[in-house]
Amino acid sequence: QVQLVESGGGLVPAGGSLRLSCAAYGRTFSNNAMGWFRQAPGKEREFVAAISGSGGSTLYADSVKGRGTISRDNAKNTVYLQVSSLNPDDTAVYYCAARRGPYAYTQSGQYDYWGQGTQVTVSP
């Protein structure tokens, strides 16, 4: 059974940074694209960042471009999302997702596996 487990969320002051982790269990995702999405209260889930299976290609939403970095450690079957200069608009539940294929996409419908999410709250 495939499981994606996010960690690293919490309460962060505005201007601070965080690093989210997503560990995959049940199968190896070293050749699979992975992504991060987020959902704020009352809003739809939105794309944040994605990385290809090889790690050679990354995609970012405009909202985090320049202050977000997605990376992966295939030896640990883990993907990371680091975001700096946080602001209250970054407050959301952050979800990790994985695809069966190697190419990164921004559309949530392209992802086959999802984690339960981790809450990130940025205080003003």
Hey, what do you get for OG1 (Thr58) to NZ (Lys65), rounding to the nearest 0.5 Å?
9.5 Å

For Lys76 and Thr78 the tightest heavy-atom approach is O-OG1, 2.8 Å

Please test Val64 against Arg38 for side chain to side chain contact (heavy atoms under 4.5 Å, CB included), starting from the C-alpha separation and ending with a verdict.
CA-CA 12 Å; Val64 299; Arg38 68 187 184 186; 4.2 Å; yes

Mind jotting down which residue pairs meet the disulfide bond (SG atoms under 2.5 Å apart) criterion with at least one end in residues 93-124? Sequence neighbours excluded, please.
Cys22-Cys96

Is the backbone N or O of Ala14 less than 3.5 Å from a side-chain atom of Asn87, with the two atoms forming a donor-acceptor pair by type?
no

Ring pair (Phe, Tyr, Trp, His ring centres under 6.0 Å) contacts in which one or both residues fall within residues 98-124, not counting sequence neighbours
Phe29-Tyr113, Phe37-Tyr111, Phe37-Trp114

All heavy atoms of Gln110 vs all of Arg99, minimum pair found to be O-NE, 2.8 Å

Can you establish whether the number of heavy atoms outside Gln107 located under 6.0 Å from its atom CD is more than 12?
yes

Treat each ILVMFWY residue as a node, draw an edge where side-chain heavy atoms are under 4.5 Å apart, and state whether Tyr60 and Ile51 are in one component.
yes

Looking only at heavy atoms, the pair that brings Pro124 and Pro88 closest together is CA-CG, 4.2 Å

So do Pro102 and Ser52 actually touch side chain to side chain, heavy atoms under 4.5 Å?
no

Set of salt bridge (charged side-chain N to carboxylate O under 4.0 Å, His left out) partners for Lys43, sequence neighbours left out
none

Please round to the nearest 0.5 Å and tell me the distance separating atom CD1 of Ile70 and atom CG of Leu59.
8.5 Å

Give me each pair satisfying disulfide bond (SG atoms under 2.5 Å apart) with a member in residues 29-69, each pair once, sequence neighbours excluded.
none

Keeping Gln116 on the side-chain end and Glu6 on the backbone end, is there a donor-acceptor pair under 3.5 Å?
no

Do Leu20 and Val12 belong together in a cluster built from hydrophobic side chains that touch within less than 4.5 Å?
yes

Leu18 to Val120 - nearest heavy-atom pair and separation
CD2-CG1, 3.2 Å

Quick one: closest heavy-atom pair of Leu4 and Ala98, and the distance?
CD1-N, 3.8 Å

Check residues 79-86 and write down every donor-acceptor pair under 3.5 Å in which the side-chain atom is one partner and the other belongs to a residue at least two apart or another chain.
residue: Ser84; atom: OG; partner: Arg67; partner atom: O; Å: 3.3

Is it true that Trp36 and Tyr95 fall in one hydrophobic cluster, defined by side-chain heavy atoms closer than 4.5 Å?
no

Can you name the side chain to side chain donor-acceptor pair (under 3.5 Å) partners of Asp89, sequence neighbours left out?
none

Can you tell me how far OG1 of Thr91 sits from CD of Gln119, rounded to the nearest 0.5 angstrom?
7.0 Å

Going only through I, L, V, M, F, W and Y residues with side-chain contacts under 4.5 Å, is there a path from Phe47 to Met34?
no

Short side-chain to backbone donor-acceptor contact, Asn77 and Ala24, under 3.5 Å
yes

